[in-house]
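For reference, the structure is listed below as C-alpha cells.
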2 protein chains.
Amino acid sequence: MDTKSYHHGNLRESLIEMGIKIISLEGDANLSLRKVASACGVSHAAPYAHFKNKDDLINAMQEHVAFEFSKALMHVIETCSRKEEILTYLGKAYVIFFMDNPHYFSFLFSRTEIMVDFSYNADPTNNYKPYEIYRQTAIQALTPTGISYEKMNDIIIAMFALVHGLASITTMKNTTYDEKWEDKIETILTLFSSGRKG
Amino acid sequence: MDTKSYHHGNLRESLIEMGIKIISLEGDANLSLRKVASACGVSHAAPYAHFKNKDDLINAMQEHVAFEFSKALMHVIETCSRKEEILTYLGKAYVIFFMDNPHYFSFLFSRTEIMVDFSYNADPTNNYKPYEIYRQTAIQALTPTGISYEKMNDIIIAMFALVHGLASITTMKNTTYDEKWEDKIETILTLFSSGRKG
DNA sequence: CTCACAATCTTTTCGCTGTCAAGATGGGCT
DNA sequence: AGCCCATCTTGACAGCGAAAAGATTGTGAG
C-alpha cells in the first residue's frame, strides 16, 4: 500500500491479484511480467524475489482463481434447497462463473495443474478440483436411483462433459448467441436427466 | 523445395504447414514467426511478404486445420452405414481428431474465427464450421422422431456441448485417464440418446 | 533478346519481453 | 549499535514481432 517505501510489503499477493486482473481484462496473451510489476509500482525484476519465473507466478494466479471457482461451486452445494435439482444448479453455476469472466476458462484449463482426473486411481483428496466437486455431488444425488457404480461413473462423466462443454462454448472468442441464451442454459442442462427419467 | 535459390517458390504454403507442424508438436506457446521462417530455411522477415503479421499467418494455419477437421467429420457422415448411430460416430470422430492432435483443440477454438454460432440468425453457409456440421446431421437424424423444432434445437446444443466437452477434457494438459478410456467414449456418447429413449 | 518492373527475400533496426547478475536498501534480530 | 539477508533496483543479454530499406530474380512488354 505504501507506494513510497523501498520495500513493498505485500508484493507477492499484489502481483498475483494484479496478474489476475490483467488476465480478466485482457486475456493471457497480453500478460507480461514487466506489465504486472509496473502496475504494482515496482521494477521489472522485483517479481523474481517471490517467483522463480513467469510460469511460477502464473501457477500461483491459477491456484487463486481455481480456489475462487471452487468456492462458487461449494456455495451452490451448501445453499441449494432443492436437492433434487442440485446437479442443474451446480452446472449452471459452473457455466456462469466463466461467462462472468470468459478469460478465466482457457487460463484455468490450459495450465499444468490437474483440474480433471478420470483415472480409476484418481486422488480423492483433490477436493478443490472442479471435476471432483461435481463427481462427489453427483454420487450423492444419483446413489438413491440404484444405478450400478460402473454406469453411474459413465453418467457423471457425460454430465460433467456437457457442463464443461457449455462453459467452453459460451466463453469461446467470438462465439455468438442471443441475449436470452443464458436463460436457456438451465433448460439445456436438465435435458440429460429429464431424458433419462422419461 | 530448391533450398538454394533466392526465391523459395512455395514459401506461403510451407510456412503454413511448418507452423501447423510446430503447433502439433510444441503447442501455440512455442510458435514464433522467426522459428517458422528458420525452419523453412528463410530469413526472419520473409514471412511478411506473404502475411500481414503473425496473426495473419495463424489465421491461415487455423483455416487449414479447420478444413482438415471438417473433412474428418464429413468423411464419417458420408461413409457411415448405420445411420441410426451416426451422431455417436460423428461425436467419436470429433473427440478422436483432437486426441490424435491435442494441441489443435485450443489452437482451433481460441482464435478469431467463429467456430460455433448459436444465434437464431446464424449464417447457414457456415458449412465447414463444426457446430453447423453437427447440427445439420443431427436435424436429419432427429427429424423422424417428431420432436418440436424448439426442443430439437436444445437437444442438439446439449449433445454438441457433450461432445465438445469430451474433446476439451481429453485434450487438457495433464488430464489423466486410463488407456482403455478411449473405448469408453462411445459408451459415454450414447448415454444421452439412450437415456432419452429408455 | 533485353530490360525495367514488381514480387520476393535479406539486412538492419527498434521496442518489448523473460531472465539473470550485481548492487542498493532497510527491517529485524543479536 | 551493528550486522544479516530478504527484498528491490539497475543493467545487460538473447529472442521476439514489426517495419524500413536494400538485394535478387522471375516475368512480361517492347
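Proteins come first, then strands; the chains are lettered A, B, ... in the order of their sequence lines, and each starts at number 1.
Checked against D:dA18, C:dT19, D:dC8, the side chain of A:Ala46 finds its nearest nucleotide in D:dC8. The nucleotide whose nearest atom lies closest to any side-chain atom of B:Ser32 is, among D:dG17, D:dT9, D:dA20, D:dG17. The side chain of B:Ala49 lies closest to C:dC9 when the candidates are C:dC9, D:dA19, D:dA18.
Here the side chains of A:Glu13 and A:Asn10 are in contact, with some heavy-atom distance below 4.5 Å.
The distance between atom CG of A:Asn53 and atom P of C:dA21, rounded to the nearest whole Å, is 14 Å. For the pair A:Tyr48 OH and D:dC5 C1', the computed distance is 21 Å after rounding to whole Å. For A:Glu13 and D:dT7, the CD to P distance is 13 Å, given to the nearest whole Å. Between the CG atom of A:Asp56 and the C1' atom of C:dT19 there is a distance of 14 Å, rounded to whole Å. Rounding to whole angstrom units, CG of residue B:Asp28 and P of D:dG17 are separated by 13 Å. What separates NE2 of B:His8 from P of D:dA23 is a distance of 23 Å, to the nearest Å. Rounded to whole Å, atom P of C:dT10 lies 14 Å from atom CG of B:Leu33. When the C1' atom of C:dT19 is taken as reference, atom CZ of A:Phe51 falls 16 Å away, rounded to whole Å.
Between A:Lys184 and B:Glu150, at least one side-chain N (NZ, or NE/NH1/NH2) sits under 4.0 Å from a carboxylate O, which counts as a salt bridge. Between A:Glu26 and A:Lys35, at least one side-chain N (NZ, or NE/NH1/NH2) sits under 4.0 Å from a carboxylate O, which counts as a salt bridge.
Using cut-offs of 30° and 60° on the angle between ring planes, the pair B:Tyr94 and B:Phe109 is parallel.
Remark: side-chain polar atoms of B:Ser168 are not paired, donor with acceptor, to backbone N or O of B:His164 under 3.5 angstrom.
Put simply, A:His50 has a side-chain N or O that comes within less than 4.0 Å of OP1 or OP2 on D:dC8.
The base of D:dG15 lies outside donor-acceptor range of the side chain of B:His44, with no N or O pair under 3.5 Å.
Along DNA chain C, the nucleotide nearest to B:Arg12 and the one nearest to B:Arg34 differ in position, and the one closer to the 5' end is contacted by B:Arg12.
Among the heavy atoms of the strands lying under 4.0 Å from B:Ser43 is at least one base atom, whether or not backbone atoms are also near.
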